[in-house]
There are 2 protein chains.
Amino acid sequence: MNNDAHLKLENQLCFRLYSLTKLMNRHYSPVLKKLGLTYSQYLVMLVLWENNDTTPAISVKQLGEKLDLDSGTLSPLLKRLEKQALLSRVRNSDDERSVVIKLTDSGCQLKSQAQNIPAQMFSVTGLSIDELQGLNVQLDGLLATMNTK
Amino acid sequence: MNNDAHLKLENQLCFRLYSLTKLMNRHYSPVLKKLGLTYSQYLVMLVLWENNDTTPAISVKQLGEKLDLDSGTLSPLLKRLEKQALLSRVRNSDDERSVVIKLTDSGCQLKSQAQNIPAQMFSVTGLSIDELQGLNVQLDGLLATMNTK
DNA sequence: TTAATTTAAGTTGTGCACAATTTAATTTTG
DNA sequence: CAAAATTAAATTGTGCACAACTTAAATTAA
């Protein structure tokens with residue numbers, strides 16, 4: 001491939017990732033709209049649902065580490081979820097710098113409405129279980145490499 | 001896997017795509033900043049550079065089809081690139097609904113500064129050529145499937 | 001050939017994502 | 001201990017991405 005070929009859109013992995021992420025979002029949007037959530041808000045709820053049994057309180061900082069997002073993104077997003085009464089935001093009395101996020105009852109209850117979303121989205125991919133897992137492994141490798149460079 | 005496992009972040013392909021796209025963007029940003037471009041602006045320039053020899057004029061509509069973006073995204077983006085004198089926006093006299101985008105001389109010249117970006121980004125992935133091509137094929141399949149459902 | 005429909009851009013408003021900065025609290029260090 | 005450094009959130013500003021809508025031009029159909 002010459003230099004010009006590298007600059008062509010069709011040869012670029014990153015454009016595929018970019019397009020696929022947008023497409024993924026378009027499939028999620030109508031489904032999540034029924035729960036009143038955006039995709040990013042859904043990710044926050046996934047973390048909270050996942051930890052609710054063992055660790056029902058999590059700081060904004062910890063949430064940011066799990067989702068790779070900073071307070072500039074999370075602060076307004078969490079305020080919107082608080083306004084929807086899905087979670088509470090309270091300063092940690094042990095360390096007033098930190099804000100503790102907890103699910104409310106209705107935030108907990110929303111989980112049942114989300115149970116079938118992963119299966120629904122999986123069917124949209126048209127992949128087999130093996131193909132999905134193979135892709136997950138490859139993308140994990142890529143994430144690991146790109147996170148350390 | 002039970003229902004709860006499906007709702008875990010670590011099991012979700014979409015979260016990997018989402019994280020990887022953000023990570024990709026973070027690697028591009030400092031490189032593209034030297035050219036005064038964002039990633040989306042870079043994509044527009046790629047299309048214009050690619051077509052400049054054969055088709056030096058392209059409509060906003062055609063650009064949107066290539067990049068899968070609508071006028072709501074492209075109109076302001078193209079105005080910013082016009083303000084940077086990288087391209088011109090002129091109404092098509094044959095069809096006044098359409099706006100024709102053309103590279104300016106400095107827009108053409110910027111191409112040389114972008115020549116080494118693909119190789120630079122490829123090295124960040126840590127992939128072999130074969131691995132890259134394999135991944136491209138898989139993502140193309142996924143894009144095709146998800147575009148028709 | 002006028003009226004109805006379609007099309008192309010642009011505009012407005014919402015919600016990320018992130019850089020850069022600010023504020024306040026905590027920790028470290030001289 | 002007090003000053004300096006670090007840390008956690010929040011704020012401000014920019015630029016997407018997209019839904020919903022508007023405007024103006026072109027096409028189609030009555």
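Everything numeric here is computed off the predicted structure, so don't read it as measured data. Just so we're on the same page: letters track the sequence lines, and every chain starts at 1.
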Quiz item: L43(A) has an atom CG; how far is it from atom C1' of dG15(C), in whole Å?
Solution: 14 Å
Self-check item: Phosphate contact (dA17(D) OP1 or OP2) by Y18(A) side-chain N/O below 4.0 Å
Solution: yes
Quiz item: When only distance counts, do a donor and an acceptor, one from the side chain of S71(B) and one from the base of dG10(C), lie under 3.5 Å apart?
Solution: yes
Quiz item: Expressed in angstrom and rounded to an integer, what is the separation of D68(B) atom CG from dA19(D) atom P?
Solution: 11 Å
Practice problem: Tell me what L69(A) touches on the nucleic acid: a base, only sugar-phosphate, or nothing, going by heavy atoms under 4.0 Å. | Solution: sugar-phosphate
Self-check item: Length of the CG-P vector between L74(A) and dT11(D), whole Å
Solution: 14 Å
Exercise. Please tell me which of the listed nucleotides, dC18(C), dA8(C), dT11(D), lies nearest to the side chain of R26(B)?
Key: dC18(C)
Practice problem: Ignoring backbone atoms, test whether K33(B) places a side-chain nitrogen or oxygen under 4.0 Å from the OP1 or OP2 oxygen of dT14(D). | Solution: no
Quiz item: Over how many whole Å does the gap from R80(B) atom CZ to dA17(D) atom C1' extend?
Solution: 11 Å
Quiz item: At under 4.0 Å between heavy atoms, what does T73(B) touch on the DNA or RNA strands: base, sugar-phosphate, or nothing?
Solution: base
Quiz item: Are any non-hydrogen side-chain atoms of K66(B) and N51(B) less than 4.5 angstrom apart?
Solution: yes
Quiz item: If you measure from the Lys or Arg side-chain nitrogens to the Asp or Glu carboxylate oxygens, is any gap between K8(B) and E50(A) under 4.0 Å?
Solution: no
Quiz item: The side chain of Q41(B) lies closest to which of these nucleotides: dA17(D), dT11(D), dC16(D)?
Solution: dC16(D)
Self-check item: Distance below 4.0 Å between T38(A) side-chain N/O and dC16(C) OP1 or OP2
Solution: yes
Self-check item: Basic-acidic side-chain contact under 4.0 Å: R91(A), E96(A)
Solution: no
Quiz prompt | Proximity to the side chain of E96(B) - top-ranked nucleotide from dA25(D), dA17(C), dA9(D) | solution = dA25(D)
Quiz item: Which one is paired to dT7(C), where only Watson-Crick or G-U wobble pairs with both distances under 3.5 angstrom count?
Solution: dA24(D)
Quiz item: R97(A) or L77(A): which one's nearest nucleotide on DNA chain C is closer to the 5' end?
Solution: L77(A)
Practice problem: Please state whether the phosphate of dA17(C), meaning OP1 or OP2, lies under 4.0 angstrom from any side-chain nitrogen or oxygen of S40(A). | Solution: yes
Quiz item: Nearest to the side chain of D70(B), which nucleotide is it out of dC18(C), dA8(D), dA19(D)?
Solution: dA19(D)
Practice problem: Can you label the angle between the Y39(A) ring and the Y28(A) ring as parallel, tilted or perpendicular, going by 30° and 60°? | Solution: tilted
Practice problem: Write down the distance between CG (L37(B)) and P (dC16(D)), rounded to a whole number of angstrom. | Solution: 10 Å
Self-check item: Qualifying residue for side-chain contact (heavy atoms from CB on, under 4.5 Å) with V60(A), from L69(A), I101(A), D70(A), V100(A)
Solution: I101(A)
Quiz item: Out of dG15(D), dA8(C), dA8(D), which has the shortest distance to the side chain of K61(B)?
Solution: dA8(C)
Quiz item: Does a side-chain N-to-carboxylate-O contact under 4.0 Å join D95(A) and K61(A)?
Solution: no
Self-check item: Residue whose closest nucleotide on DNA chain C lies nearer the 5' end, D95(A) versus R89(B)
Solution: R89(B)
Exercise. Look at all strands and tell whether S59(B) reaches a base, only sugar-phosphate, or nothing, counting heavy atoms closer than 4.0 Å.
Key: sugar-phosphate
Quiz prompt | Separation of dA9(D) P from N92(A) CG (nearest whole Å) | solution = 9 Å
Quiz item: Distance check: side-chain N/O of S75(B) vs OP1/OP2 of dT11(C), anything under 4.0 Å?
Solution: no
Exercise. Starting at atom CG of L67(B), determine the distance to atom P of dA9(C), rounded to an integer number of angstrom.
Key: 13 Å
Quiz item: Which nucleotide sits closest to the side chain of R91(B): dA17(D), dA9(C), dG15(D)?
Solution: dA9(C)
Quiz item: Starting at OH of Y28(A) and ending at C1' of dA17(D), how long is that distance when rounded to a whole Å?
Solution: 18 Å
